[in-house]
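These notes concern the structure reproduced below.
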Amino acid sequence: MMAVPLSVLEVAMVQAGSRAADTLRDTTTFARQVETMGYRRLWYAEHHHSPAIGAFPPVVLIAHAAASTSTIRLGSGGVLAPNHSPIMLAEQFGTLAGLHPQRIDLGIGRGPGTLDEPTARALRRGAGPITDDEYRGDVAATLRFLVDEVALDDLPEPWLLASSTAGAALAADLGLPVAIAHHIRPDNTAAAIDEYRARFRPSRWCAGPRVLVCVETVCAPTQQDVEWLAGPMNVVKVGLLQGRGDTPFPTPAEAAEHPFTEQERQALAGFLPHQAHGTPDAVVQRLTEIVDATGAEELMLVTPVYTLKDRLRSYELVATAAGRA
């Protein structure tokens with residue numbers, strides 16, 4: 001049995017041959033099912049102008065899922081500070097928390113949510129990339145507006161997303177729980193957590209360090225099934241590792257025929273062992289190793305596989321093997 005709570009990150013992959021509307025429709029079924037499996041929270045990621053990931057605003061998905069479920073916590077993983085004014089974030093998430101007390105998380109991240117520069121500039125209304133000082137100021141202002149302007153009895157639980165020591169240091173300075181993007185930059189995980197725990201300062205939001213680690217997790221009854229299911233994201237991933245966000249999310253059959261270069265195979269070989277791909281017992285063992293290595297108080301699983309059925313099956317197998325279902 002896993003010693004820490006398990007949660008879910010939903011990135012809303014748009015499958016080749018389907019419509020974004022189909023992916024959007026599936027989010028309701030997905031939220032209800034992972035709630036019944038015993039997962040603690042479900043977060044939605046903000047993405048823009050990607051053929052593989054739906055451009056669905058987290059605040060809208062959270063509102064819909066909260067109305068469709070009853071116990072699971074819902075939040076952003078994350079909503080991206082450069083694209084929103086602090087007071088709007090505070091009003092939106094404060095309102096959600098007022099409507100659904102003790103169930104809303106406000107996870108804030110720094111990236112633009114796209115690798116396409118014109119789209120990033122459009123999101124920023126023509127402004128350039130956010131600076132370190134601007135990001136710090138926006139996060140602090142969002143927290144301040146939550147308290148001073150929204151001022152409802154129930155506030156969202158704020159988290160800071162981090163994939164580097166700089167992001168972890170900001171979370172520590174502001175006294176926020178931190179969500180480590182191990183599924184994106186696993187090589188930075190240990191240093192970021194060390195920086196966070198060393199610098200943490202208690203706040204009204206968090207009395208002591210709290211670390212959540214997000215892990216890419218693909219689980220199936222056999223290793224052959226796992227590799228089949230992981231194939232489509234591997235195709236997308238090699239594009240992302242090369243700075244390209246224009247790769248569609250292929251079918252498993254298309255992914256199996258993809259001509260990976262030797263360099264791409266090496267990149268995947270360096271990334272995948274840090275994640276949790278395997279049969280149920282193997283996945284739980286790997287997740288336990290990550291908890292032991294990081295001291296994480298919680299794990300969040302992201303499972304980018306082709307169909308809703310297979311994605312839910314992966315989460316179900318992990319929950320059962322971990323003693324949750």
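These values consider heavy atoms only, across backbone and side chains, with no hydrogens, waters or symmetry-generated copies. Index from 1, following the sequence. Note that the structure is predicted; figures quoted are calculated from it, not measured.
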Say you draw a straight line from CD1 of I87 to NE2 of H84; how long is it, rounded to the nearest 0.5 Å? 15.0 Å
Could you check if a side-chain atom of N83 sits within less than 4.5 angstrom of a side-chain atom of H48, using non-hydrogen atoms only? yes
Can you hop from L80 to I62 via hydrophobic side chains spaced under 4.5 Å? no
Please determine if R25 and D22 form a salt bridge, counting it only when a charged side-chain N lies under 4.0 Å from a carboxylate O. yes
Tested for side chain to side chain contact (heavy atoms under 4.5 Å, CB included) against T189, the lone hit among V215, I180, I184 is I180
Do the side chain of R73 and the main chain of Q102 share a donor and acceptor less than 3.5 angstrom apart? yes
Is it the case that H277 and E227 place a side-chain donor and acceptor less than 3.5 Å from each other? no
Are any side-chain N or O atoms of R201 and backbone N or O atoms of D173, one a donor and one an acceptor, separated by less than 3.5 Å? yes
Taking side chain as C-beta onward, heavy atoms only, is F145 less than 4.5 Å from E91? no
On a heavy-atom basis, the closest approach of T279 and P221 is CG2-O, 3.4 Å
Using the rule given for side-chain hydrogen bond (donor to acceptor under 3.5 Å, both in side chains), can you reason through T69 versus R103, listing the C-alpha separation, both sets of side-chain angles and the distance that settles it, and then say yes or no? CA-CA 10 Å; T69 57; R103 293 188 62 204; 2.6 Å; yes
Can you name the nearest heavy-atom pair linking A162 to V178, along with the distance? CB-CG2, 3.8 Å
I53 and Y306: same hydrophobic cluster, using ILVMFWY side-chain contacts below 4.5 Å? yes
Counting only heavy atoms not in Q263 (residues, nucleotides, ligands), do more than 12 fall under 6.0 Å from its CD? no
Pair S7, E298: side-chain N/O donor-acceptor within cut-off below 3.5 Å: yes
Is there a donor-acceptor contact under 3.5 Å linking the side chains of T71 and E35? yes
Please report the C-alpha distance between R311 and E10 in whole Å, then the side-chain angles of each, then the deciding distance to 0.1 Å, and finally whether the salt bridge (charged side-chain N to carboxylate O under 4.0 Å, His left out) criterion is met. CA-CA 10 Å; R311 193 159 78 257; E10 172 64 294; 3.1 Å; yes
Derivation of the side-chain contact (heavy atoms from CB on, under 4.5 Å) call for L312 and L308: CA-CA 6 Å; L312 285 172; L308 174 66; 3.8 Å; yes
Checking the side chain of T247 only, and the main-chain atoms of V236 only, is there a donor and an acceptor separated by less than 3.5 Å? no
Do D105 and W43 come within less than 4.5 Å of each other through their side chains, counting heavy atoms only? yes
Can you confirm whether L106 sits close enough to L155 that some side-chain heavy atom of one is under 4.5 Å from a side-chain heavy atom of the other? no
Does atom NE2 (H49) have a neighbourhood of more than 12 heavy atoms from anything else shown, all under 6.0 Å? no
If you count every heavy atom of other residues, nucleotides or ligands that lies below 6.0 Å from D194 atom CG, does the total exceed 12? yes
I want to check something: taking the side chain as every heavy atom from C-beta on, are T303 and C219 in contact at a cut-off of under 4.5 Å? no
Beyond-backbone contact of E262 with Q266, side-chain heavy atoms, under 4.5 angstrom: yes
Would E264 and K237 pass as an ion pair if we require N to O under 4.0 Å? no
To the nearest 0.5 Å, what is the distance between NE2 on H182 and CG on L212? 12.0 Å
Quick check: is L89 connected to I130 through a chain of hydrophobic side chains (ILVMFWY, heavy atoms under 4.5 Å apart)? yes
State the CG-CZ distance between L299 and R40, to the nearest 0.5 angstrom. 11.5 Å
If I compare all heavy atoms of T217 with all of S314, which pair ends up nearest, and what's the gap? O-OG, 4.1 Å
Salt bridge or not between E157 and R210? Use side-chain N to carboxylate O under 4.0 Å. yes
Under the side-chain contact (heavy atoms from CB on, under 4.5 Å) criterion, do S76 and E46 qualify, and how do the steps go? CA-CA 8 Å; S76 52; E46 178 180 346; over 6 Å; no
Assess whether a salt bridge exists between E289 and R286, defined as any Lys/Arg side-chain N lying under 4.0 Å from an Asp/Glu carboxylate O. yes
Nearest 0.5 angstrom please: Y315 OH to Y39 OH, how far? 7.0 Å
Is there a side-chain contact between P186 and Q275, using heavy atoms and a 4.5 Å cut-off? yes
Ignoring hydrogens, what is the shortest heavy-atom contact between H100 and A63? Give both atom names and the distance. NE2-O, 4.5 Å
Starting from the C-alpha separation in whole Å, work towards a yes-or-no answer on side-chain contact (heavy atoms from CB on, under 4.5 Å) for F249 and V235. CA-CA 8 Å; F249 195 66; V235 175; over 6 Å; no
So, D26 and T29: side-chain donor and acceptor under 3.5 Å apart, yes or no? no
Can we say E297 and R197 salt-bridge, meaning some charged N sits less than 4.0 Å from an Asp/Glu carboxylate O? yes
When clusters are formed by joining ILVMFWY residues with side-chain heavy atoms under 4.5 Å apart, either directly or through shared neighbours, do L317 and F30 land in the same one? no
Decide whether W228 and L268 are clustered together by the hydrophobic rule: side chain heavy atoms of Ile, Leu, Val, Met, Phe, Trp, Tyr closer than 4.5 Å, transitively. no
On a heavy-atom basis, the closest approach of L143 and P158 is CD2-CB, 3.7 Å
Using the side-chain contact (heavy atoms from CB on, under 4.5 Å) rule, take R265 and V238 through it: C-alpha gap first, then chi angles, then the decisive distance, then the call. CA-CA 9 Å; R265 293 184 187 281; V238 294; over 6 Å; no
Any side-chain donor-acceptor pair under 3.5 Å between T131 and R136? no
Note: M300 and L9 closest approach over all heavy atoms is CG-N, 3.6 Å
Can you tell me if E117 has over 12 outside heavy atoms packed within less than 6.0 Å of its CD? no
How long is the gap from CG on L176 to CG on L160, to the nearest 0.5 Å? 6.0 Å
Among S85, P86, P82, which residue satisfies the side chain to side chain contact (heavy atoms under 4.5 Å, CB included) criterion with D138? P86
Can you check whether P250 reaches H258 side chain to side chain, under 4.5 Å on heavy atoms? no
For the residue pair T27 and H64, confirm or rule out a side-chain donor-acceptor distance under 3.5 Å. no
Nearest 0.5 Å please: distance from the CG atom of D154 over to the CG atom of L96. 12.5 Å
